[in-house]
Each structure stands twice: as structure tokens, then as C-alpha cells.
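See structure below.
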Amino acid sequence: MHPEFWHERWSSNRIGFHRDAPLPLLATHWPALGLAAEARVFVPLCGKSLDMVWLAERGHRVLGVELSELAVRQFFDERGLAPAIHDTAGGRHFSSGPYELIVGDAFALQADVLADCAAVYDRAAMIALPPDLRRTYAATAWRDLPPGCRGLLITLEYPQAEKAGPPFAVDADEVAALLDRDWVVDVVERRDILTNEPGFVADGVTALSTAVYRVARRG
Ligand SMILES: C[S@@+](CC[C@H](N)C(=O)[O-])C[C@H]1O[C@@H](n2cnc3c(N)ncnc32)[C@H](O)[C@@H]1O
């Protein structure tokens, strides 16, 4: 999936993936991770997600990475924040209060950028990518997170032959294949959401679930 695909989605405001409220599954499952309030949370492929606001309201610092500068500027504009901006080899950093969002490629972050992230939150990131890029993503951003890092990964499961992604279906076997080497992965919830997603029904999808995984980086 070419970066131009995402830039075009943002410039034409075709951002159906963006939710106007934090994801309820985040509030349900985050507290059980037992993270310190000051823990820094990595949010890959962050868009302008309000989940970052929810995390910051819990006291966390948030490190997002996002290809689209438009998305990042909108995130700060919509909060009435005027971020400081500086450029590094890994991208353009926008910082204000608890938020640091990097406009750049999540597969090309410098390893030290992630070194002090105690947590990771992936909603609509893994499932935004086709299979080859999912492998790249797992082998770069996820591999560079430090031992002890904990978090949540939220996926969709549906018969891929019934609809083209994104969002793509990513099942438990694939999550294990991608992450088991470096992470302890436990599914904590799997919920049928087909009736909540009329777009999928209209496309002829016959089964749709969301799965929530708790992940912990092996030491
Ligand atoms: C489906 S959206 C999800 C956004 C956000 N996680 C949310 O829940 O609203 C995927 C986002 O990933 C961004 N993206 C895609 N490939 C990327 C990459 N290699 N590095 C950083 N961001 C990327 C896109 O621009 C898009 O905003």
C-alpha cells in the first residue's frame, strides 16, 4: 500500500476509520495492563485518533507516528494546541504537552525513538496494512520496542475473500506468527460486531469480529 493512498485519503477527507470518540474497548482493557500513569505510550499509525487524548487524560505521555502531516496538524488544531516543531532524520516532530507526534514512516523510525516507550497501543494500524507490510511493521516498529513494554493490539476478523482491505482481516494465527518471537500475546476479548458495521454487511461480509490482544514484550 503506497503512502500516496493514505495522503489521498487525508487530503480528500475520506477518513471513515477516524472515530469521534475514544474506542470503548480501550477504556475496558487498558487499566488491566497496570501501567504507571507516567508511562510513555507508542501509538503507531496514529492518524488523529482521540484514543491518544484518552491516554493523555490518564496521565500518559503519547508518542504517535503518522505518515500524513495533515492528520497531525488537524490533531493539534482540533485541541487548540500550537505544537513546537523540529525535524530529525526520522521525521518531523510535533510536540505539545503530553503529545509528541512524528510525521514519518513507522517502518523507518530510529530505534532510540522508541527506547523509553513502556506501552504500545495499536488500533487500526496492523489491520490498515496488507500482508507484506504487516510483516515489515512487525519486524521494525514492534521489534524496536523495549523489553517489558505492554499494550493492546486490536484487530478485525472476517472472511478476507468477501471484501478487499483496508481494513484487512488479521486472525490469531497471523498475530502469533508476527509477534510470538518477541511478545507474549493473549486474546482478552473477541466480539461479534457485524450488526454494528452496515458497510461490511452492504459489501456482502457474512461474519465480522473484533479481537483485543494484550501484549507484553519478552524480557
Ligand atoms: C486506518 S488509519 C488508522 C488511524 C488511527 N490509528 C485511528 O485509529 O484512527 C491508518 C493510518 O496509518 C497511516 N499510515 C499508513 N502507513 C503508515 C506508515 N508506514 N507510517 C506511518 N503512518 C502510516 C495512514 O496515514 C493512516 O492515517
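When a residue number appears, it is its place in the shown sequence, counting from 1. Just follow the structure's listing: the first ligand is 1, and inside any ligand the first atom is 1.
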Between side-chain atoms of residues 72-86 and protein atoms elsewhere (two or more places apart, or another chain), which donor-acceptor pairs fall under 3.5 Å?
| from | atom 1 | to | atom 2 | distance (Å) |
| --- | --- | --- | --- | --- |
| R73 | NE | E69 | OE2 | 3.0 |
| R73 | NH2 | E69 | OE2 | 3.0 |
| Q74 | OE1 | K48 | NZ | 3.1 |
| E78 | OE1 | K48 | NZ | 3.4 |
| E78 | OE2 | K48 | NZ | 2.8 |
| R79 | NH1 | F75 | O | 3.1 |

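Distances between N or O atoms of S68 and those of ligand 1 include no value under 3.5 Å. For the pair L67 and ligand 1, the shortest N or O to N or O distance falls below 3.5 Å. Checked against a 3.5 angstrom limit, the closest N/O atoms of A125 and ligand 1 fall outside it. Checked against a 3.5 angstrom limit, the closest N/O atoms of H18 and ligand 1 fall outside it.
Here is the list of ligand 1 atoms found below 4.0 Å of a heavy atom in D105: 18 (C), 19 (N), 20 (N).
A side-chain donor-acceptor contact under 3.5 Å links R217 to the backbone of L145.
Closest to atom 12 (O) of ligand 1 among all protein heavy atoms lies L45 CB, 3.2 Å. Nearest non-hydrogen protein atom to atom 25 (O) of ligand 1 is E66 OE2, 2.6 Å. Regarding atom 7 (C) of ligand 1, its nearest protein heavy-atom neighbour is R123 NH1, 3.4 Å.
For G104, the heavy-atom gap to ligand 1 drops under 4.0 angstrom. Taking 4.0 Å as the cut-off, Y137 does not count as a neighbour of ligand 1 on heavy-atom distance.
Relative to the six-membered ring of W183, R181 misses at least one condition, a distance below 6.0 Å or an angle of at most 45° to the axis.
Using a 4.0 Å cut-off between charged side-chain N and carboxylate O, D116 and R40 make a salt bridge. R214 has no carboxylate O lying under 4.0 Å from a charged side-chain N of D186, or vice versa, which leaves the two without a salt bridge. At a threshold of 4.0 Å, the pair E100-R61 does not count as salt-bridged, since none of the basic side-chain nitrogens sits closer than that to a carboxylate oxygen.
Of the options A124, A141, A106, the smallest heavy-atom separation from atom 10 (C) of ligand 1 is shown by A124.
Hydrophobic clustering places M52 together with L33 (ILVMFWY residues linked when any side-chain heavy atoms are closer than 4.5 Å, directly or through intermediates).
Taking the six-membered ring where the residue is Trp, the centroids of Y121 and F42 are separated by 6.0 Å or more.
In P167, neither the side chain nor the backbone holds a heavy atom less than 4.0 Å from any atom of ligand 1.
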